[in-house]
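Report on the following structure.
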Amino acid sequence: MLLVAQPELGDAEKRALCETIDSGWITMGARVRRFEENFAARHGAADAVAVGSCTAALHLILAALDIGPGDEVVVPSLTFVATANSVLYVGATPVFADITALDHPILSIADVEAKITPRTRAVILVHFAGRLADRQAWQDLAARHGVHLVEDAAHVIGIEGVGTYGAAAAFSFYGNKNMTTAEGGMILSRSPELLERTRRLRGHGMTSGTFERLNARTADYDVTMLGFNYRMDELRAAIGLVQLERLDSWNARRRVLRDAYAAALARDCPEILMPFMDDGASAHHIMPVLLPKGLSRKTVSIFLREAGVQTTVHYPPVHHLSFYLDRFPGVSLPITEEFCDREITLPLHPAMEITDVATVVTALSKAIQLQGALT
Ligand SMILES: *Cc1c(COP(=O)(O)O)cnc(C)c1O
C-alpha cells in the first residue's frame, strides 16, 4: 500500500538511540539542548525551546502571551483540531475564520479582519500543506489591529521565513510530519523573554532543571508560575538531531514529487483542482487536491485503496466536529466547507518514486471516469 505519509527512519536513528541509552542520561540533557540550538540555527533564529508536541508548543505560546479568559483568538477551521484546542486550554475563545479561496486554502486576511473584536488578542496562522502565508500582509494586519501573530508551523519545517512572522511559531515532529521524533515539538520566537517564559512553563515553572542542578551542585529551585510537564527527552532529541541533517534533501524530494503530480494531474485529471499552483515557498507537507463537485469522495477513496493507494482528508473542518459544534453552533465558513467536502489527500513522502506518482494519478483518473459513467 502506498501510504499518504511515511517516516524515514534507519540505521543512523538506531545508532543515535543506542548512544543515548549508553550515555545513562535520558531526558532534558545535552542532546535536547543541541537539538534546540541546531533547530534554531537551521531557521536563522538565536534559540528555540523543545517540547513534547506541537500542541504543547501552541499551549505554552498562548500561556506565555498571557492570553486567557475573556480573550479571543482567531483560528482557521481548515486545520488539525489541536490549533483550536490550544485556545481553549488557556480559557480563551477560538473564533473561526474562512480560507482565502479553494485554490489558495490559507486563512483569509479579509475574513480574519471581519472577525477581529476589541477582545481579540491573537491570530493563529496555519501554513496549510507547508505553503508559507504572505508574511508582509499578515504583519500589516497584526500591526493594524495590535494582535499577536502565532504560527502553527506543523506543516512547514526548514523553509526560509517560517518562525519570523510574529510572536512565536509552533512546530511538530509527529510521525507523519516532514521530520519526526515520533512525538515532539519546538517553539521558535525572536523574543528572548517569550522564549524564556515558555522554557520555564515547559518544566513546572521551576527556576532550574535537573541537568542545571547537577552542574551547579545545588538542589535549590523555586517555582514562579503555574507550569506544565511538556518536556522533550534525550531519545527523541537524538532522533531529531539525525533527522534535521536530512531535512533539506527530503524537502527537495517532496518538491520534485509535487511537480510530477502537477504535470500528471494536468495531463490525466484535468477535472481535479490542485491548490497553490502559483508556486510560492512550501515544504510540500501534504498533497491535497479537490475532486470535481458532486463526485463521491468515499467511492474514489475505496477505488484508490483497491489500487493500493491510501488517501486521507485534510481536514474535517474543526467547526463541524461535535465538540466544537456543540459549543460554537451557527458558524458558517462557506469556502472552508466546500474545500473540506471536496478535498482528498494523495500520498506524498520522500521514499516515493516518480512511478508511484504515475500509479496514483492513473488510478485517480480511472476512479473519476468510472464514477462519471455511473452518474
Ligand atoms: C500535527 C499538527 C498539530 C499537532 O501536532 P502534535 O505534535 O501532534 O501535537 C497541530 N497543528 C497542525 C496543523 C498539525 O498538522
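Counting starts at 1 for both ligands and their atoms, in listed order. Keep in mind that what you see is a predicted model, and the values were worked out from it rather than measured.
A salt bridge links D279 with R255; the closest basic N to acidic carboxylate O contact falls under 4.0 Å. Of the charged side-chain nitrogens involved, at least one lies within less than 4.0 Å of a carboxylate oxygen, so that K293 and E338 count as a salt-bridged pair.
Legend: ring-ring contact (aromatic ring centres under 6.0 Å, His included) pairs involving residues 329-352, not counting sequence neighbours, sorted by first then second residue: F128-F339.
With sequence neighbours left out, the salt bridge (charged side-chain N to carboxylate O under 4.0 Å, His left out) criterion links D341 to no other residue.
Residue I239 is found in a hydrophobic cluster whose other members, listed by chain and number, are L9, L17, I21, L235; membership requires side-chain heavy atoms under 4.5 Å apart, directly or through intermediates.
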Report all N/O contacts between ligand 1 and the protein shorter than 3.5 Å as a table of atom names and distances to 0.1 Å; if there are none, say 'none'.
from: ligand 1; atom 1: 5 (O); to: S172; atom 2: OG; distance (Å): 3.3
from: ligand 1; atom 1: 7 (O); to: C54; atom 2: N; distance (Å): 2.9
from: ligand 1; atom 1: 7 (O); to: S172; atom 2: OG; distance (Å): 2.7
from: ligand 1; atom 1: 9 (O); to: C54; atom 2: N; distance (Å): 3.3
from: ligand 1; atom 1: 9 (O); to: T55; atom 2: N; distance (Å): 2.9
from: ligand 1; atom 1: 9 (O); to: T55; atom 2: OG1; distance (Å): 2.5
from: ligand 1; atom 1: 11 (N); to: D152; atom 2: OD1; distance (Å): 3.3
from: ligand 1; atom 1: 11 (N); to: D152; atom 2: OD2; distance (Å): 2.8
from: ligand 1; atom 1: 15 (O); to: H155; atom 2: NE2; distance (Å): 2.9
from: ligand 1; atom 1: 15 (O); to: K177; atom 2: NZ; distance (Å): 3.3
from: ligand 1; atom 1: 15 (O); to: Y315; atom 2: OH; distance (Å): 3.2

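Cation-pi geometry between R327 and F323 is satisfied (NZ or CZ under 6.0 Å from the ring centre, within 45° of the ring normal).
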